[in-house]
Amino acid sequence: MSVSALNPTRLTGSISGFLQVVSVLGLLLLLLKAVQFYLQRKWLLKAFQQFPSPPFHWFFGHKEFDGDQELQLIKKAVENFPSAFPRWVWGSQAYFTIYDPDYMKLILGRSGYGLLLLNGQPWFQHRRMLTPAFHYDILKPYVKTMADSVQLMLDKWEQLAAQDSSIEIFQHISLMTLDTIMKCAFSHKGSVQVDGNYKTYIQAIGDLNNLFHSRVRNIFHQNDTIYSLSSNGRLADRACQLAHDHTDGVIKMRKDQLQDEGELEKVKKKRRLDFLDILLFARTENGDSLSDKDIRAEVDTFMFEGHDTTASGLSWIFYALATHPEHQQKCREEVQSLLGDGSSITWDHLDQMPYTTMCIKEAMRLYPPVPGVVRELSTPVTFPDGRSLPKGISVILSIYALHHNPKVWPNPEVCTRFSPTQPFIPALLGRSKELHWETICYE
């Protein structure tokens, strides 16, 4: 009589052997990860040995920076470490945070990964290609378009204000800035603020912002596979897809419009093309058109930066003015003296508002809409004080910390008078040793 191949004893032995193999492989994987963790941490400690930092946990890093006190802790670190400090996210991950003007000039002068996201020669080609889209002459007629978009938003606020309830302004401002960039840069014919479909794009961008910061701070979400299986990873995938679908729709719509001979002739007669039209008509040095991937990358970048960052900046400006009503009143009087009859703002008005311009610049210093920019060093760097970093280090150019650096501003929390015609960041980086602005405004 033969013994069945499914004998329970043999089956149990097979399962036991399989589990043993899995256990061994799991232990080997853990050992490998532990070795990687140790070697990466040792390399970072050696790279940062010349740069002191606030105390941190060997595994959790500067965990206290992740809470509500992050900005206060950054300002305290800036006082104690005037040029830069390593900020540890966890045991084997850290960013080198810099806020010294001379340090920043050195990093900004190197090739980056960008027009926000390109590198080397492609960056220069796209930069040269897109520069005409931001010429002063093309910006002048856009003032009316911007004013019309703002007026539509203000009309909505008047209706909401009549209901005697508070208004969350950020989403309204985001729709207004998206409406503006769509019309000015992408030749959009409709109104984003009227079409409710665009709220999903605004929400997707907001989700991606929040999910990015959440992922950076979670050690288990650094692995792409693990992150894709998490609830946050799935939400990020959906948000990315929504954002890309929106971008693809904008490009396709404009391509379809340019199939019309009348629209094409109208575009050809323009002295300067809109941003998207430049991309669609552009040719590389080899005579080839830009690929769909290149076009989408640039549209994604300027769609996002053109509306979300601007909306953030405007919201903080309103906050700064609201918390300092005496300066808000001065700005109101200045604008009313120009537009007292209810006329719309024009290009010529823009250099006739010195006090308002100074308040805008100061609000952006106190609350920069882009608080930091990340770069990864492709080559070693030596800073002006002789200290250096190796290739591969992730660097955060902390705009917020720079704007609150007592090495640059003796009293960073006291308002600074900027010349209305003075470019802000270039002036700062070009005069890092001789900043003598007159203090006014938000004392």
Side-chain angles (χ1 to χ4, degrees), residues 68 142-185 188-207 209-210 246 303-350 352-370 415 440-443:
D68 295 338
Y142 288 159
V143 173
K144 184 180 186 310
T145 302
M146 296 175 190
D148 291 344
S149 292
V150 170
Q151 188 59 55
L152 182 56
M153 179 185 72
L154 295 179
D155 290 343
K156 290 166 63 177
W157 284 3
E158 275 200 32
Q159 296 174 7
L160 293 170
Q163 300 172 14
D164 195 25
S165 60
S166 61
I167 303 172
E168 171 50 66
I169 66 171
F170 183 72
Q171 188 175 67
H172 290 276
I173 296 176
S174 294
L175 285 170
M176 182 273 293
T177 55
L178 181 61
D179 191 24
T180 301
I181 196 71
M182 288 281 288
K183 290 175 178 175
C184 295
H188 185 63
K189 305 296 184 184
S191 175
V192 168
Q193 298 182 79
V194 174
D195 187 346
N197 292 331
Y198 290 93
K199 290 184 178 179
T200 57
Y201 174 73
I202 297 289
Q203 183 62 50
I205 294 299
D207 288 341
N209 269 325
N210 295 331
H246 172 77
M303 186 79 71
F304 169 70
E305 293 294 331
H307 96 272
D308 187 73
T309 305
T310 308
S312 177
L314 286 170
S315 298
W316 279 112
I317 290 167
F318 287 152
Y319 170 80
L321 290 172
T323 53
H324 296 82
E326 66 278 19
H327 303 296
Q328 180 181 170
Q329 182 59 30
K330 289 182 181 180
C331 291
R332 180 181 289 111
E333 291 171 357
E334 184 176 64
V335 172
Q336 287 177 339
S337 69
L338 291 174
L339 310 176
D341 59 354
S343 59
S344 182
I345 196 166
T346 67
W347 178 270
D348 292 334
H349 288 137
L350 298 182
Q352 300 178 41
M353 299 182 290
Y355 195 86
T356 302
T357 301
M358 288 188 289
C359 287
I360 289 171
K361 289 183 177 182
E362 177 59 4
M364 293 185 71
R365 181 186 74 81
L366 291 170
Y367 311 106
V370 179
C415 182
I440 54 156
C441 295
Y442 309 136
E443 291 87 0

Using modelled atom types only, decide if a donor and an acceptor are shared between the side chain of Glu334 and the backbone of Tyr355 within a distance under 3.5 Å.
yes
Looking at OG1 of Thr357 and CD of Gln352, how far apart are the two atoms once the value is rounded to the nearest 0.5 Å?
10.5 Å
With Gln336, which residues qualify under side chain to side chain contact (heavy atoms under 4.5 Å, CB included), at least two apart?
Arg332
Under a 4.5 Å cut-off applied to non-hydrogen side-chain atoms, are Lys330 and Thr356 in contact?
no
Side-chain donor-acceptor contacts of residues 147-156 below 3.5 Å, not counting sequence neighbours, with atom names and distances?
{"from": "Asp148", "atom 1": "OD2", "to": "Lys144", "atom 2": "NZ", "distance (Å)": "2.9"}
{"from": "Ser149", "atom 1": "OG", "to": "Thr145", "atom 2": "O", "distance (Å)": "3.3"}
{"from": "Ser149", "atom 1": "OG", "to": "Asp179", "atom 2": "OD2", "distance (Å)": "3.2"}
{"from": "Gln151", "atom 1": "NE2", "to": "Asp155", "atom 2": "OD1", "distance (Å)": "3.0"}

For a 4.5 angstrom cut-off between non-hydrogen side-chain atoms, does His246 reach Met303?
yes
State which residues pass ring pair (Phe, Tyr, Trp, His ring centres under 6.0 Å) with His188; sequence neighbours excluded, sorted by chain then number.
Tyr198
Partners meeting side chain to side chain donor-acceptor pair (under 3.5 Å) with Gln203 (sequence neighbours left out)
Asp207
Who pairs with Thr346 by side chain to side chain contact (heavy atoms under 4.5 Å, CB included), at least two apart in sequence or on another chain?
Asp348, His349
Tell me, please, which residues at least two apart from Gln163 pass side chain to side chain contact (heavy atoms under 4.5 Å, CB included).
Leu160, Ser165
Below 4.0 angstrom, N of the basic side chain to O of the carboxylate: do Arg365 and Glu362 qualify?
yes
Kindly compute the distance separating SG (Cys331) from NE2 (His324), expressed to the nearest 0.5 Å.
12.0 Å
Measure the CG-OG1 distance between Leu321 and Thr323 for me, rounded to the nearest 0.5 Å.
7.5 Å
Return the minimal non-hydrogen interatomic distance between Thr177 and His307, and the atom names on each side.
OG1-O, 2.9 Å
Compile the donor-acceptor pairs under 3.5 Å between side chains in residues 308-320 and protein atoms, sequence neighbours left out, one pair per line.
{"from": "Asp308", "atom 1": "OD2", "to": "Asn209", "atom 2": "ND2", "distance (Å)": "3.3"}
{"from": "Thr309", "atom 1": "OG1", "to": "Glu305", "atom 2": "OE1", "distance (Å)": "2.9"}
{"from": "Thr310", "atom 1": "OG1", "to": "Gly306", "atom 2": "O", "distance (Å)": "3.1"}
{"from": "Ser315", "atom 1": "OG", "to": "Ala311", "atom 2": "O", "distance (Å)": "2.9"}

For Ser343, check side chain to side chain donor-acceptor pair (under 3.5 Å) against everything at least two apart and list the hits.
Asp341
Beyond-backbone contact of Leu350 with Ile345, side-chain heavy atoms, under 4.5 angstrom:
yes
Heavy-atom closest pair, residues Trp157 and Ile167
O-CD1, 4.0 Å
